[in-house]
Number of protein chains: 2
Amino acid sequence: MNARRDKLSQSLEDYLEAVYLIEKEKRVVRVKDISSFLKVKKPSVVSALKALEARGLVNHEKYGYVELTPAGKREARRIYRVHRTLKEFLVKVLGVEEAVAEEDACAIEHYLHQDTFDRLVKFLEFIETCPEDVPFWLRSFHYYAERGIRPPECGRGKRNSVQED
Amino acid sequence: MNARRDKLSQSLEDYLEAVYLIEKEKRVVRVKDISSFLKVKKPSVVSALKALEARGLVNHEKYGYVELTPAGKREARRIYRVHRTLKEFLVKVLGVEEAVAEEDACAIEHYLHQDTFDRLVKFLEFIETCPEDVPFWLRSFHYYAERGIRPPECGRGKRNSVQED
DNA sequence: TATTTTAGTTAGTTTTATCTAACTTGTCAA
DNA sequence: TTGACAAGTTAGATAAAACTAACTAAAATA
């Protein structure tokens, strides 16, 4: 029970997240599913599950299904939340393409400090709660990112009538 | 000469970057310097250098100094550029504290797609070339990040006279 | 110059995360 | 009900990246 409190490795976080996502989709999680989801061989899955079980994050009885423990689910949710937030930032703000954003988010998700993550969340909140659907400045940036120059209405001086934030 | 073209591991990228940074500071790079810079023991440095040498990225003769080859310097510069850009983003935009930003940048730098990086650069450019010293929206965000609410002058409707982008 | 201290190296171990090959269990269909 | 095939497991290999302990070279100094 509630063993090792050490931080999970990137790899184990990936396995945990995979179990969580498959569980959401399929109701039941098998070694094979994790294996194909993460593109690793089945023995790798088995040994990862062993490690996760030792930390009390999953239950996995021989030849049976894989389940997250409450602690495992909590942790997996945390990881996935970082994942989604990062991806959202990459896509919505920077305009990175879906598939690339997915990969980057997947790699980065393991390394952010809590504070950095919190600020990222705030940043997205800030954008979403803007009175405009998409903030003027963000549209300007996307224009700039595509064309390399600022949109004309954004140049020195003049601007349109909606407030900017 | 120009061996292995495979991608470097995170670890080897860190060693390469360390050599680059120490070289900039001290003119001469020793195993000991890398060891203390990266907080690993000296034998770890020696074996990493061996790997980097096999890829033609550093020169290191026994008991001698460590030097980057031209290819090594190119690669190190690339890595460090990503590092600085990420850190700048974290500090200037998200308002993350210096030391935390440094750590996050250091971890993330190894995992970004080129396109994501390019967009990040553009984003910072976009901010820097803003007619205002700090864009209005960014000041608004910092206010929001600190206090959890938007600044009064940023609410629905009214705004001050400088344009927003 | 001889000795001591510091720097660098080698050999060998550990941990993590993968893999392959071979074996076991379980299920489904003839 | 019994095989055949799919799923899961075990054992053992490999590779990367770190470590310690013990040794060697170089440098500093007395």
Side-chain angles (χ1 to χ4, degrees), chain A residues 3-19 22-23 25-68 75 79 106-107 109-111, chain B residues 3-19 22-23 25-55 57-68 75 79 103 106-107 109-111:
Chain A
R4 309 265 143 76
R5 216 165 235 52
D6 327 347
K7 216 174 289 165
L8 291 178
S9 66
Q10 136 142 249
S11 168
L12 289 184
E13 286 195 356
D14 284 334
Y15 282 102
L16 201 62
E17 191 182 19
V19 174
I22 294 165
E23 207 170 64
E25 283 274 299
K26 309 189 51 170
R27 197 85 267 176
V28 141
V29 182
R30 302 229 233 66
V31 167
K32 192 193 64 158
D33 300 322
I34 303 171
S35 161
S36 65
F37 186 94
L38 292 178
K39 298 184 176 81
V40 296
K41 302 300 185 200
K42 289 178 291 166
S44 307
V45 175
V46 172
S47 75
L49 290 175
K50 215 166 285 178
L52 290 173
E53 192 156 38
R55 290 158 203 254
L57 299 174
V58 304
N59 288 132
H60 177 220
E61 50 218 281
K62 260 196 178 184
Y63 297 99
Y65 298 138
V66 180
E67 281 180 344
L68 293 172
E75 185 63 8
I79 297 163
C106 209
E109 65 186 355
H110 311 288
Y111 300 108
Chain B
R4 307 265 143 76
R5 216 166 236 53
D6 327 347
K7 215 174 292 166
L8 290 177
S9 66
Q10 138 142 245
S11 168
L12 290 184
E13 286 195 357
D14 284 334
Y15 282 102
L16 200 62
E17 192 182 19
V19 174
I22 295 165
E23 206 170 65
E25 283 273 302
K26 308 189 50 171
R27 199 83 268 178
V28 141
V29 182
R30 302 227 232 68
V31 168
K32 191 193 64 159
D33 300 322
I34 303 171
S35 162
S36 65
F37 186 94
L38 291 178
K39 297 185 177 82
V40 296
K41 303 299 185 200
K42 289 177 291 166
S44 308
V45 174
V46 173
S47 75
L49 288 175
K50 215 166 285 179
L52 290 173
E53 192 156 39
R55 290 160 204 253
L57 300 173
V58 304
N59 289 132
H60 176 221
E61 50 218 282
K62 260 197 177 183
Y63 295 99
Y65 298 138
V66 180
E67 281 181 343
L68 293 171
E75 185 64 8
I79 297 164
E103 282 188 26
C106 208
E109 65 186 353
H110 311 288
Y111 300 108

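Throughout, protein chains are lettered first and strands after them, A, B, ... in sequence-line order, and every chain is numbered starting at 1. A quick note: this is a predicted structure, and the numbers were derived from the prediction, not measured.
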Integer-rounded Å distance: [N] [atom2] and [X] [atom1]:
| X | N | atom1 | atom2 | answer |
| --- | --- | --- | --- | --- |
| B/Lys32 | D/dA25 | NZ | C1' | 16 Å |
| B/Lys50 | C/dT10 | NZ | C1' | 8 Å |
| A/Asp6 | C/dT15 | CG | C1' | 13 Å |
| B/Leu12 | D/dA17 | CG | C1' | 9 Å |
| B/Glu13 | D/dA17 | CD | C1' | 15 Å |
| A/Leu8 | C/dT15 | CG | P | 18 Å |
| A/Glu61 | D/dT9 | CD | P | 11 Å |
| B/Tyr63 | D/dA25 | OH | C1' | 5 Å |

In A/Val29, A/Leu12, A/Val31, the residue satisfying side-chain contact (heavy atoms from CB on, under 4.5 Å) with A/Leu49 is A/Val31
The side-chain contact (heavy atoms from CB on, under 4.5 Å) partner of B/Leu52 among B/Leu16, B/Asn59, B/Val66 is B/Leu16
Taking all non-hydrogen atoms of both residues, which atom of B/Ile79 and which atom of B/Glu109 are closest, and how far apart? O-OE1, 3.8 Å
Over 12 foreign heavy atoms within 6.0 Å of CD, A/Glu25: no
Which parts of residues 37-47 of chain A get close to DNA chain D, meaning a heavy atom less than 4.0 angstrom away? A/Lys42, A/Pro43, A/Val46
When all nucleic acid strands are considered with a 4.0 Å heavy-atom cut-off, which category describes A/Tyr15: base, sugar-phosphate, or nothing? sugar-phosphate
Rounded to the nearest 0.5 angstrom, the NZ-NE2 distance for B/Lys50 and B/His60 is 9.5 Å
Taking only side-chain N and O atoms of B/His60, does any of them lie within less than 4.0 angstrom of OP1 or OP2 on C/dT9? yes
side-chain hydrogen bond (donor to acceptor under 3.5 Å, both in side chains), that's the test. Do A/Gln10 and A/Tyr111 meet it? Break it down for me. CA-CA 8 Å; A/Gln10 136 142 249; A/Tyr111 300 108; 2.8 Å; yes
Checking A/Val40 against A/Tyr15 for the side-chain contact (heavy atoms from CB on, under 4.5 Å) test, could you report, in this order, the C-alpha distance in whole Å, the side-chain angles of both residues, the deciding distance, and whether it holds? CA-CA 10 Å; A/Val40 296; A/Tyr15 282 102; 3.6 Å; yes
Which of the following nucleotides, D/dA17, D/dT10, C/dT10, is nearest to the side chain of B/Lys62? C/dT10
